Amino acid sequence: MSRDELVKILDEVGLGHLINRADALTAEINWEEELSLGEKQRLAMARLYFHKPDYVVLDECTSACAGEMENLLYTRCKEMGITVITISHRPALEAFHQRTLTIGIGKGGYTIEAISEETNRRMLDASTTRISGDTSTAKTTMASLSSPESESRHSSKIPPVESASDTVRRLCRLFSLALNRQSVFKSAGVVAALIAQAMVTLKLSSIGGRMMGSVFEQDRPGFIGLVKESVGFMGLLGITEQVVVFLQHGLDLDIRNGLTKSFLTRLFANDNYYRLVQFDGSISDPEQRMVDDVRDLAGTSSQLFSELLKPILELSLFASQLASLVGGKATALLALYLVFGATMIRASLPNYRAIVEAETAQEARFKNAHQRVRTHAESIAFFGGGDREHHLASTEFEGVLELEYSRLRANFFFGLVSHAVVREAPMLVQWLLRNAYGLSFGADAIGKDGEKMVAINSGQVVIYELTLMAFSSLSRLLEFIESFANLSGLIHRVSAFDDALSRCEQTRSAGVTHQSSDVVAFEGVDIFTPRDEVVAKGVSLEVHRGQKGLIISGPNGSGKTSCFRVLGGLWPIKSGVIRAPISADGRPNVDQVFLVPQRIYMAQGTLAQQIYYPLAVEVTAEVEMHLQRLLELVGIGYLSSRYDDGWSSVMIWEDILSLGEQQRIGMARLFYHRPVFGVLDECTSAVSIDVEEALYREANARGITCITISQRLALEEFHSQELRMGEGPQGWSLHEIENGRKTSVALD
């Protein structure tokens, strides 16, 4: 498909602006999070126009779209010769169909009724196609209000390469969050155990040399005594090793516990979990960083003491002992080689930080590919998209393999240098040291002085063991460089998550600025998105308690839900005043302003918890009776007896219940909390009109003033004002409603 063809199809559904994103055609974008429900439904329409099938099954696929866009969809299907099978509860759609199949009534559980041609003709004539005008108006308004700052939010910047000191600084910051006083004691214990371990190792090498002397002197009692002494020190060495392992595991748990609790506390404070996604946007996989990355970071960083301190201690002690045996010049030769070897290793060390970051990100994409299939299995199966999803998952896995092969190639060349420096060349250095030690006794001593011969052989054994252990320590020290390079990738990812939380904490700002118990009022409020795009300027309105409410309407993408977001304190306001009932923290609570969204959040827990969420309530017989009355009130009283455990049943409710049942749960939740104001965001799109009207009447009877976000004009009879978004020079207009009709423009 060419760019022009894509633009044409997107323009038909009012989404032509998406193509203007700089990365729309080149980058992988999580459109599920980027787009609203209405925009996603219109994108599905564009997919339909592209495929042009003979038959199409539309399953409530326009519930979040304006009626004009819905009419346009059916008109386009008719023009393209597509036969439509619609699953819906809205009789207005009869204009585009010839027969109606009603499920749940009749002798066989269904009835089929023909729709007369006269009805079709009358309803088709009454339908309009204002969507192009509304969409262009909204787009023009948004364009005129666009903030110059908005462009920068989408620009992608390559982060600068950080030095080792920056990585250490980040690690110290994470340790400051994770470690406590007990952790400090454990760290000190690890250091003490490592020092003791190095001293015991040095003592054992000395005992080994003395044992060789006993063999040459044929001193059996002395040899047995040295064996006993050696066994004692070996036991002590085993104890120190286990102490180090035990304390390291304790540090591992402390680091993971400290970081996880710190992140959880900050993430769930002041809605930072929302701001992290909507405002910051730099972290695409917070769950992986909090679980997998923190676990790996804790396990790896807890071993830093043994991987760094132990080889340094051993090298220092072993070099000191060697100097006493072979002299300063020979020891200097060893030190020179160590510096040379470290330089060679460092020069050939791959960029493990970049490798780890790329591997972790690619693994997350591979997991996400499978998660999306699990979440949208039914839609994919209906589309026959198995091959496509197979290709996407395979592509992500190929990316994982390619990175693994890249690491393998990097390790191969690094291994060649490491093996030569750490395994092969040290043997030559060892023989040079042993030769220097032998020459220090003089050539005439060999074969003539028995004591000197014993000393030479004993010293040779000590030098052999000391050089082996020294080069083993060097090997571990160089491995630490590799491990730290690998660790730096984890440090950067976890630290970036910490930085994002800090930014969220600094930018927190409540939307409600003044307390009021009986009114929700906007006074000259400018509404901006988290990307600094202007939605509307100077919004002014009042909704009084106990009176007919407000309906917020407008095309998709015009910013209808943004009004509630600033009211609820999710988005800050830059100018203007908002008055509303608020609690001590400066924000409305569920007893004052309650939201019922189109896609109800079904909490993890029992059936009863779905109704009184987010409160914690002890479910008694009296509470169960109250909950049952609420379910019966919204027409789903059968749910409590559908499952074996009744109100205590625990299910994945978003998978078990239909969208209509979930929306009725949302209304039952509203009636349970009985707030002063209820914000209803397309929350009845999946229920029939008669049920919808009954729910609104019940809300009015319970004293709940409704602020409705909708495109359903039939709801105007329950409201006294209509706020039309995406209209007028300021991006909004306010209309008075009398007797169910919009009569005049009150404010513009």
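This structure is a prediction, so every number in the text was calculated from the model and none was measured.
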Side chain to side chain donor-acceptor pair (under 3.5 Å) against Arg266, all qualifying residues, sequence neighbours excluded
Asp498, Ser502, Glu505

Are the side chains of Leu297 and Ile491 in touch, meaning some heavy atoms are under 4.5 Å apart?
yes

Any residue meeting side chain to side chain donor-acceptor pair (under 3.5 Å) with Thr260, in chain and number order, not counting sequence neighbours:
none

Heavy-atom donor-acceptor pair, Arg42 side chain to Val13 backbone, under 3.5 Å
yes

Using the rule given for side-chain contact (heavy atoms from CB on, under 4.5 Å), can you reason through Lys367 versus Gln288, listing the C-alpha separation, both sets of side-chain angles and the distance that settles it, and then say yes or no?
CA-CA 10 Å; Lys367 291 178 181 178; Gln288 174 146 348; 4.3 Å; yes

What is the minimum heavy-atom distance between Met80 and Tyr49, and which atoms define it?
CE-O, 3.5 Å

What distance separates Ser495 OG from Leu177 CG, expressed to the nearest 0.5 Å?
9.0 Å

Are there more than 12 heavy atoms of other residues, nucleotides or ligands under 6.0 Å from atom CD1 of Ile652?
no

With rounding to the nearest 0.5 angstrom, report the CD1 to CG distance, Ile665 to Leu607.
6.0 Å

Using the rule given for side-chain contact (heavy atoms from CB on, under 4.5 Å), can you reason through Met725 versus Val535, listing the C-alpha separation, both sets of side-chain angles and the distance that settles it, and then say yes or no?
CA-CA 9 Å; Met725 301 298 294; Val535 176; 3.9 Å; yes

Approximate separation, where rounding is to 0.5 Å, of Gln248 CD and Ser301 OG
10.5 Å

Please give me the minimum heavy-atom distance between Trp571 and Thr529, naming the atom from each residue.
CZ3-CA, 3.7 Å

Which value, rounded to the nearest 0.5 Å, describes the distance between Cys504 atom SG and Ile283 atom CD1?
9.5 Å

Where the side chain of Arg669 meets the backbone of Gln610, is there a donor-acceptor pair that is under 3.5 Å apart?
yes

Looking at Arg295 and Asp292, does any basic side-chain N land under 4.0 Å from a carboxylate oxygen?
yes

Return yes if some donor-acceptor pair links the side-chain N/O of Gln663 with the main-chain N/O of Ile600 below 3.5 Å, else return no.
no

Return the CG to CZ distance between Asp296 and Arg289, rounded to the nearest 0.5 Å.
13.5 Å

What's the verdict on side-chain contact (heavy atoms from CB on, under 4.5 Å) for Phe528 and Val566, showing C-alpha distance, side-chain angles and the deciding distance?
CA-CA 9 Å; Phe528 286 77; Val566 296; over 6 Å; no

Just wondering, do Leu10 and Leu43 contact through their side chains at under 4.5 Å, heavy atoms?
yes

Test applied, ring pair (Phe, Tyr, Trp, His ring centres under 6.0 Å); reference residue, Tyr273; option that passes from Phe268, Phe279, Phe263:
Phe268

For side-chain hydrogen bond (donor to acceptor under 3.5 Å, both in side chains), just list the numbers for Arg409 and Ser406, CA-CA rounded to whole Å, side-chain angles, deciding distance to a tenth of an Å, and then say yes or no.
CA-CA 5 Å; Arg409 290 190 292 269; Ser406 297; 3.3 Å; yes

How far does NE2 of His390 sit from CG of Leu392, to the nearest 0.5 angstrom?
10.5 Å

In terms of heavy-atom contacts, Ala393 and Ala369 come closest through CA-CB, 4.2 Å

With no hydrogens and no angle check, just 3.5 Å: does a side-chain donor-acceptor pair link Thr167 and Arg170?
no

Does this structure show an ion pair linking Arg76 with Glu79, if we count only N-O contacts that are shorter than 4.0 Å?
yes

Quick one: does Phe564's side chain get under 4.5 Å of Asp681's, heavy atoms only?
no

Please give me the minimum heavy-atom distance between Ile82 and Pro53, naming the atom from each residue.
CG1-O, 3.2 Å

Nearest atoms (heavy-atom pairs only) where Gln662 meets Leu657:
NE2-O, 3.0 Å

Side chains of Arg503 and Gln506 only: does a donor on one sit below 3.5 Å from an acceptor on the other?
no

Should we say atom CD of Glu404 is surrounded by more than 12 heavy atoms from elsewhere, each under 6.0 Å from it?
yes

For residues Leu259 and Ala178, report the shortest heavy-atom separation together with the two atoms involved.
CG-CB, 3.7 Å

Would you check, one step at a time, whether the test side-chain contact (heavy atoms from CB on, under 4.5 Å) holds for Phe497 with Val294?
CA-CA 10 Å; Phe497 183 64; Val294 166; over 6 Å; no

Check whether any side-chain heavy atom of Cys563 sits under 4.5 Å from a side-chain heavy atom of Ile709, and report yes or no.
no

Using side chain to side chain donor-acceptor pair (under 3.5 Å) as the criterion, list what pairs up with Arg493, not counting sequence neighbours.
Asp285, Asp293

